[in-house]
Amino acid sequence: MSFINLVEPLAEEIKTRAGEFEKQGYVSQDIVRKLAEQGLYRLCNEEAYGGLSGTAEDYAQLTEYVATLDGSTAWVLFIGITSALSYMNLPTEEVNVVFKEQTDITAGVFAPMGRAFPDQKDGVKGYRLSGRWQWGSGIRNSTFISAGGFVVDLDGRIQKTPQGLPDQRMFLLDVKDVDVLDTWHVSGLKGTGSTDFQTKDLFVSESRAFTLFSKHTPDTPVHRFPAFGFLAIGIAAVALGLAKASLDELTDIAIAKTPQGSRKPLAMRSSTQIRMALATAKYRAARSLMYEEIRKIWSEAETSSELSVEARRDLRLALTYTVMQCVEVVTEMYTLAGGSSVYETSPLQRYFRDIHVAQQHMMVGEMTLELTGRLFLDVETDTSQL
């Protein structure tokens with residue numbers, strides 16, 4: 001089943017209002033609510049929790065389609081989908097609280113920027129959490145947000161797990177209990193509202209402190225899927241959507257525009273035709289590779305509880321490569337349009353800015369190429385980031 005048809009009635013409105021989202025710095029709540037009412041923010045969660053039991057490919061296709069309408073709307077949607085999945089690592093009683101209302105949106109920041117020391121409140125064990133987190137995408141639309149941090153003692157020393165590793169947790173927070181800061185003044189993806197937020201000595205019960213690798217999640221393919229790979233799919237899908245939108249926009253411009261000093265419409269120039277052909281091939285090749293690797297690793301997840309390093313490696317490489325190729329496609333379309341693309345009324349300038357911000361995400365950065373390259377060369381490698 002394709003879940004794109006659940007978005008199609010909103011397509012024109014999302015596309016038309018993209019400038020509104022960008023100007024105010026977040027996607028308007030009425031649009032987010034309409035998407036949530038369709039269950040799309042819980043696309044990959046089980047039906048028992050208001051989800052649609054979607055696959056990784058469903059998630060990629062949905063995100064890609066929404067990104068053709070607006071990159072920021074697609075970004076906050078995939079953040080909601082991925083964080084909703086991560087919340088399944090909570091104890092059952094907390095999962096029931098988070099997913100009680102269909103329109104309660106989730107968000108999350110994995111980076112361990114917080115410090116939490118054990119404490120009690122009214123006889124309840126928990127932690128006092130302090131920290132400041134960047135990249136709080138979708139926080140202005142959310143009811144709950146998770147924030148990464150280390151458990152420390154009163155002297156600030158990071159505690160160790162029984163395995164001798166730093167005790168890193170995710171902490172489930174009510175958005176109303178955190179300070180949302182006004183820091184999201186950026187070049188692209190402005191409508192994501194990915195602003196900083198902070199807490200100071202906020203009590204978080206022990207039941208709301210979890211790891212991404214707990215034993216609470218159901219034993220299903222989506223929960224066997226590598227968490228970082230799943231996050232990176234969202235970024236690559238946004239990039240694909242922006243590339244497709246830029247190709248379509250340039251086609252419309254090229255038919256109507258005759259460049260200064262030329263008698264031929266832009267579409268009739270051989271240089272335009274060649275560059276358009278190469279850009280389309282680049283987009284299609286990257287897209288094919290991405291979906292091929294998603295299908296391969298999903299097939300493995302359906303039959304195995306432990307995914308091979310090779311499958312995780314190939315997925316991450318494909319996703320990073322997809323983003324890199326899409327950046328080139330969007331840049332080419334922006335350049336081909338000439339002076340038309342620099343005006344605020346042109347969607348191309350927004351696609352250009354959005355994709356260059358998306359490219360900066362560490363999940364699809366140069367570090368991924370180094371990591372996967374080491375594996376191809378049989379060099380000893382820490383694969384925990386796969």
Side-chain angles (χ1 to χ4, degrees), residues 1-3 39-63 77-102 104-108 110 144 146 148 161-163 165 167-172 205-234 236-237 290-316 318-319 363 382-386:
M1 172 185 177
S2 172
F3 296 100
L40 296 176
Y41 270 84
R42 302 179 193 172
L43 177 71
C44 297
N45 289 83
E46 291 72 22
E47 292 178 12
Y49 297 102
L52 300 174
S53 299
T55 66
E57 186 171 356
D58 292 328
Y59 156 61
Q61 290 177 344
L62 176 69
T63 305
L77 177 60
F78 95 69
I79 290 294
I81 292 170
T82 54
S83 59
L85 263 186
S86 74
Y87 285 17
M88 294 301 295
N89 290 286
L90 288 160
T92 302
E93 63 270 22
E94 295 293 353
V95 172
N96 289 333
V97 170
V98 171
F99 296 124
K100 183 179 179 181
E101 300 294 334
Q102 184 76 24
D104 281 348
I105 308 298
T106 58
F110 177 76
F144 301 99
S146 56
T161 66
Q163 294 75 31
L165 300 172
D167 192 350
Q168 182 176 346
R169 309 282 184 95
M170 297 292 289
F171 297 89
L172 173 63
S205 66
E206 192 170 54
S207 64
R208 288 192 163 198
F210 64 100
T211 73
L212 293 182
F213 312 103
S214 76
K215 301 299 182 183
H216 295 292
T217 57
D219 187 22
T220 59
V222 73
H223 292 293
R224 295 177 197 146
F225 208 91
F228 295 142
F230 204 81
L231 176 61
I233 285 175
M290 174 176 131
Y291 280 102
E292 177 185 349
E293 295 303 334
I294 290 173
R295 293 181 193 117
K296 281 168 58 178
I297 195 168
W298 184 266
S299 178
E300 190 171 314
E302 288 182 311
T303 58
S304 176
S305 59
E306 188 169 339
L307 303 183
S308 66
V309 170
E310 290 76 16
R312 291 183 284 139
R313 174 201 65 196
D314 291 350
L315 175 68
R316 291 297 298 282
L319 298 172
M363 286 291 106
D382 178 4
T383 61
S384 61
Q385 296 300 308
L386 284 179

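We count residues from 1, following the sequence as given. Please read these numbers as outputs of a predicted model, since none were measured by experiment.
- When every heavy atom of Phe228 is checked against every heavy atom of Ser384, the shortest pair comes out as CE1-O, 3.7 Å.
- Side-chain contact check for Leu40 versus Leu52: some heavy-atom pair is nearer than 4.5 Å.
- Listed by first and then second residue, the salt bridge (Lys or Arg N to Asp or Glu O under 4.0 Å) pairs that reach into residues 294-310 are Glu57-Arg295, Glu293-Lys296, sequence neighbours excluded.
- Smallest separation of non-hydrogen atoms from Leu212 and Phe210: CD2-CE1, 4.3 Å.
- Residues Ile233 and Leu319 are in side-chain contact: their nearest non-hydrogen atoms beyond the backbone lie under 4.5 Å apart.
- Judged as a side chain to side chain contact (heavy atoms under 4.5 Å, CB included), and not counting sequence neighbours, the contacts of Thr92 are Tyr49, Asn96.
- Arg316 places no side-chain N or O within donor-acceptor distance of the main-chain N or O of Ala232, the cut-off being under 3.5 Å.
- Rounded to the nearest 0.5 Å, atoms CD1 (Ile81) and CG (Asn45) are 9.5 Å apart.
- Of all the heavy atoms in Leu90 and Leu172, the pair that sits closest is CD1-CD2, 3.6 Å.
- Side-chain contact between Ile297 and Pro226 is present, with at least one heavy-atom pair separated by less than 4.5 Å.
- Here the shortest heavy-atom pairing between Leu43 and Tyr59 reads CD2-CA, 3.3 Å.
- The two atoms that bring Gln102 and Gly39 nearest to each other are NE2-CA, 3.1 Å, heavy atoms only.
- Remark: Ala107 engages Ile79, Ser142, Ile145 in a side chain to side chain contact (heavy atoms under 4.5 Å, CB included) (not counting sequence neighbours).
- No side-chain donor-acceptor contact under 3.5 Å links Ser304 to the backbone of Leu307.
- Proximity of Gln168 to Phe110: side-chain heavy atoms (C-beta onward) are separated by under 4.5 Å at one or more points.
- Residues passing the side chain to side chain contact (heavy atoms under 4.5 Å, CB included) test with Val97, sequence neighbours excluded: Glu94, Phe144, Arg208.
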- Message: Is there a side-chain contact (heavy atoms from CB on, under 4.5 Å) between Val98 and Met88? Walk through the geometry before answering.
- Response: CA-CA 10 Å; Val98 171; Met88 294 301 295; over 6 Å; no
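- Interatomic distance, Phe225 CZ to Arg312 CZ, rounded to the nearest 0.5 Å: 11.5 Å.
- Put simply, the side chain of Leu85 reaches to within 4.5 Å of the side chain of His223, judged on heavy atoms.
- Remark: Thr106 pairs with Ser83 by the side chain to side chain donor-acceptor pair (under 3.5 Å) rule, at least two apart or across chains.
- In this structure, Asp314 has no side chain to side chain donor-acceptor pair (under 3.5 Å) partners at least two apart in sequence or on a different chain.
- Annotation: salt bridge (Lys or Arg N to Asp or Glu O under 4.0 Å) contacts of Asp167 (sequence neighbours excluded): Arg169.
- Listed by first and then second residue, the salt bridge (Lys or Arg N to Asp or Glu O under 4.0 Å) pairs involving residues 43-52 amount to none (not counting sequence neighbours).
- By the side chain to side chain donor-acceptor pair (under 3.5 Å) test, Thr161 is found to be paired with Gln163, residues two or more places apart in sequence or in another chain being considered.
- Nearest heavy-atom pair, Gly229 versus Leu315, reported as atom, atom and distance to 0.1 Å: CA-CD2, 4.1 Å.
- Every residue meeting the salt bridge (Lys or Arg N to Asp or Glu O under 4.0 Å) condition with Asp219, not counting sequence neighbours, appears here in chain and number order: Arg224.
- Using a 4.5 Å heavy-atom threshold, the side chains of Ser207 and Glu93 count as touching.
- In this structure, Cys44 and Phe230 have side chains that are in contact, with non-hydrogen atoms separated by less than 4.5 Å.
- From Phe3, atom CZ reaches atom CG of Leu62 across 9.0 Å, with rounding to the nearest 0.5 Å.
- Under the ring-ring contact (aromatic ring centres under 6.0 Å, His included) criterion, Tyr87 pairs with no residue at all, not counting sequence neighbours.
- Taking Tyr291 as the reference, nothing meets the ring-ring contact (aromatic ring centres under 6.0 Å, His included) condition, with sequence neighbours excluded.
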